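Here is the structure we will look at.
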Number of protein chains: 2
Amino acid sequence: MPILAATRSSYPVPATERPTPQADDVRLIGVTMSYARGREICGQGERANHVYKVIRGAVRSFRMLSDGRRQICDFYLPGDIFGIELGGERRETAEALADTVLLVARRSALIDEEDGPMARQLWRLAVAELQRSQDHVLTLGRRSASERVASFLVDLSDRLGAGEDLELPMSRQDIADYLGLTIETVSRSLTQLQAIGMIKVGGCRLIHLCRPAALADLCE
Amino acid sequence: MPILAATRSSYPVPATERPTPQADDVRLIGVTMSYARGREICGQGERANHVYKVIRGAVRSFRMLSDGRRQICDFYLPGDIFGIELGGERRETAEALADTVLLVARRSALIDEEDGPMARQLWRLAVAELQRSQDHVLTLGRRSASERVASFLVDLSDRLGAGEDLELPMSRQDIADYLGLTIETVSRSLTQLQAIGMIKVGGCRLIHLCRPAALADLCE
DNA sequence: CGCTCTATTGAGTGGGGTCAAATAAGGTGG
DNA sequence: CCACCTTATTTGACCCCACTCAATAGAGCG
């Protein structure tokens with residue numbers, strides 16, 4: 001019998017089978033599932049049969065080169081929808097950053113519908129993700145290490161709606177693989193931003209933005 | 001009276017007013033316009049009232065940081081559609097790489113339609129562009145200079161359907177701004193790829209891929 | 001308290017950037 | 001068609017930001 005499973009588990013656990021009470025943006029009907037920290041949600045090369053909405057926790061989505069270099073494409077936070085692909089095969093792997101609860105819906109429930117409004121919702125979703133990806137391209141292509149870290153913090157603060165006190169759901173390694181840097185460089189950039197009074201690092205998952213506006217200005 | 005204008009002109013010139021005879025992918029109804037090399041097609045911050053399909057020539061789409069650093073998000077080649085935005089404002093500027101002919105359609109003709117199949121076409125278009133952008137992220141985040149240039153050449157060859165003889169529609173500066181490098185590094189990478197027998201540079205706009213498969217392998 | 005995992009800091013290196021000069025490729029006007 | 005001018009590309013010399021390798025310091029957990 002499915003239960004709401006917030007406990008650490010080795011395999012994904014169905015949590016409830018009711019559709020979400022309120023659908024914010026896109027109406028998803030599916031099953032909520034729990035994933036333990038680090039667990040794979042869906043893998044590169046698999047058939048893309050489901051789409052996901054983050055209820056609690058956080059997710060990283062990434063691709064790897066054959067020699068092991070990893071690039072994180074995006075992090076997904078509560079409210080975000082991910083996993084909508086064009087063709088049948090997934091191009092990215094998604095993993096839970098922390099213990100995470102997802103709403104899992106059949107892809108067919110979304111895509112095969114001859115429903116104009118729904119298709120437009122999907123389109124909006126795709127365009128919004130495209131814009132995020134293009135911001136990412138700008139950051140990776142033309143910003144220095146500390147600018148990348150600054151823009152990352154600003155973006156995360158906006159998305160979490162957390163104001164000036166950020167609790168990072170991801171490790172330094174994840175940030176590095178998102179920003180195209182190494183963990184050492186991420187760490188040094190944080191130290192440097194702290195030195196110029198932009199932020200205050202209080203434990204490795206806690207960051208206070210002392211001057212959010214100035215931080216945003218760093219990214220132009 | 002609008003004419004088919006292939007001549008160099010200072011301002012965009014309407015070419016014909018008939019809809020395209022055959023629509024490949026998305027049925028666009030609009031006006032064909034000619035743009036001289038270097039001319040702006042639409043600018044960052046403007047209202048996004050039109051969408052564009054490349055008939056002849058090529059287009060670069062880019063964003064700039066306040067200090068002048070430029071990041072090219074994508075190049076658009078004959079057959080490609082671009083300029084579909086979510087909100088009202090454009091986030092990127094588009095310019096003609098060479099003398100270019102575009103089919104220009106009103107955005108409203110696409111978006112306001114309550115047409116399921118059309119909305120799905122739009123969605124496919126957006127997802128396809130998203131996938132290209134995510135490939136770009138992987139390249140910028142985790143590949144070395146010569147790997148970037150190699151993957152760029154392979155991708156361009158695929159898209160142009162040109163086989164092993166590539167005619168580049170863009171300058172070294174454009175390539176550099178697309179790949180997050182400098183022109184000097186692009187040039188050195190090309191020289192290096194030539195030195196190991198991968199390509200043959202014959203004039204700055206002509207590149208022959210001697211070993212296309214090996215070149216693709218460089219990008220893993 | 002000790003073990004393990006993660007993050008920070010330090011020292012040294014190298015890939016790609018900067019600056020500058022040489023070369024090649026286009027245009028333009030005579 | 002050629003000489004001249006302008007712009008784009010290549011090459012060289014040198015430097016610096018970010019990477020690598022290594023050691024230290026915290027954090028989390030049993």
Side-chain angles (χ1 to χ4, degrees), chain A residues 7-8 36-38 60 65 67-71 97-99 139-150 152-153 166-196 199-207 218, chain B residues 7-8 36-38 60 65 67-71 97-99 139-150 152-153 166-196 199-207 218:
Chain A
T7 52
R8 188 70 57 92
R37 171 194 172 89
R60 63 173 168 246
L65 296 177
D67 64 356
R69 284 175 283 179
R70 183 178 74 159
Q71 177 63 47
L97 275 174
D99 294 341
T139 293
L140 296 180
R142 288 294 176 223
R143 289 205 242 251
S144 71
S146 351
E147 287 171 345
R148 292 183 201 195
V149 172
F152 173 74
L153 294 176
L166 266 181
E167 183 171 351
L168 304 178
M170 70 289 287
S171 70
R172 295 289 185 272
Q173 185 64 63
D174 290 324
I175 299 174
D177 287 348
Y178 178 74
L179 295 177
L181 301 169
T182 60
I183 45 172
E184 293 94 331
T185 300
V186 171
S187 184
R188 276 186 257 264
S189 297
L190 286 170
T191 304
Q192 195 178 329
L193 289 174
Q194 187 168 34
I196 60 175
I199 64 173
K200 188 129 182 32
V201 181
C204 55
R205 296 294 177 119
L206 278 178
I207 291 181
L218 278 187
Chain B
T7 53
R8 188 68 56 92
R37 171 194 171 89
R60 63 173 168 247
L65 296 177
D67 63 355
R69 284 176 284 179
R70 182 177 75 160
Q71 177 64 46
L97 274 175
D99 293 342
T139 293
L140 295 181
R142 287 294 176 221
R143 288 205 244 251
S144 71
S146 357
E147 287 170 346
R148 292 182 203 198
V149 172
F152 173 74
L153 294 177
L166 267 183
E167 183 171 352
L168 304 178
M170 69 289 288
S171 69
R172 295 288 184 273
Q173 185 63 64
D174 290 324
I175 299 173
D177 287 349
Y178 179 74
L179 295 177
L181 301 170
T182 60
I183 44 173
E184 293 94 331
T185 301
V186 171
S187 183
R188 277 186 258 263
S189 297
L190 286 171
T191 305
Q192 196 178 328
L193 289 174
Q194 187 169 34
I196 60 175
I199 64 173
K200 188 132 183 26
V201 182
C204 56
R205 296 293 178 120
L206 278 178
I207 290 180
L218 277 188

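Just so you know, these numbers come straight off a predicted model, no measurement behind them. Residue numbers begin at 1 in each chain, while the letters A, B, ... track the order of the sequences.
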Seminar exercise, completed: Closest non-hydrogen atoms of A/K200 and A/Q194, given as atom of the first, atom of the second and distance, are CA-NE2, 3.7 Å
For this session: Taking the side chain as every heavy atom from C-beta outward, state whether A/I199 and A/L166 have any atom pair closer than 4.5 Å.
Result: no
Problem set entry | End axis versus end axis in the helix from C/dC1-D/dG30 to C/dG30-D/dC1, the angle rounded to 10°, five pairs used at each terminus | 40°
Seminar exercise, completed: On a heavy-atom basis, the closest approach of A/A176 and B/R142 is O-NH2, 3.2 Å
Problem set entry | Test side-chain contact (heavy atoms from CB on, under 4.5 Å) applied to A/R143 and A/L179, step by step | CA-CA 10 Å; A/R143 289 205 242 251; A/L179 295 177; over 6 Å; no
Exercise. Please give, in whole Å, the distance from D/dA27 P to A/L206 CG?
Worked result: 11 Å
Problem set entry | Euclidean distance, atom CD of residue B/Q192 to atom C1' of C/dG16 [Å, nearest integer] | 11 Å
Exercise. Tell me: CG of A/D174 to C1' of C/dA7, nearest whole Å?
Worked result: 13 Å
Exercise. Are any non-hydrogen side-chain atoms of B/R188 and B/T182 less than 4.5 angstrom apart?
Worked result: no
For this session: Could you tell me the separation between the CG atom of A/L168 and the C1' atom of C/dT6, rounded to a whole number of Å?
Result: 14 Å
Exercise. Can you find a pair of side-chain heavy atoms, one from B/E147 and one from B/T139, that are under 4.5 Å apart?
Worked result: no
Exercise. Base, backbone or nothing for each nucleotide of nucleotides 8-19 of chain D, written B, S, -, heavy atoms under 4.0 angstrom, 5' to 3'?
Worked result: -SBBBB----SS
Exercise. Is B/R172 close to B/L190 at the side-chain level, that is, under 4.5 Å between some pair of heavy atoms?
Worked result: yes
For this session: Given side-chain contact (heavy atoms from CB on, under 4.5 Å), test A/D177 with A/R60 step by step and report yes or no.
Result: CA-CA 10 Å; A/D177 287 348; A/R60 63 173 168 246; over 6 Å; no
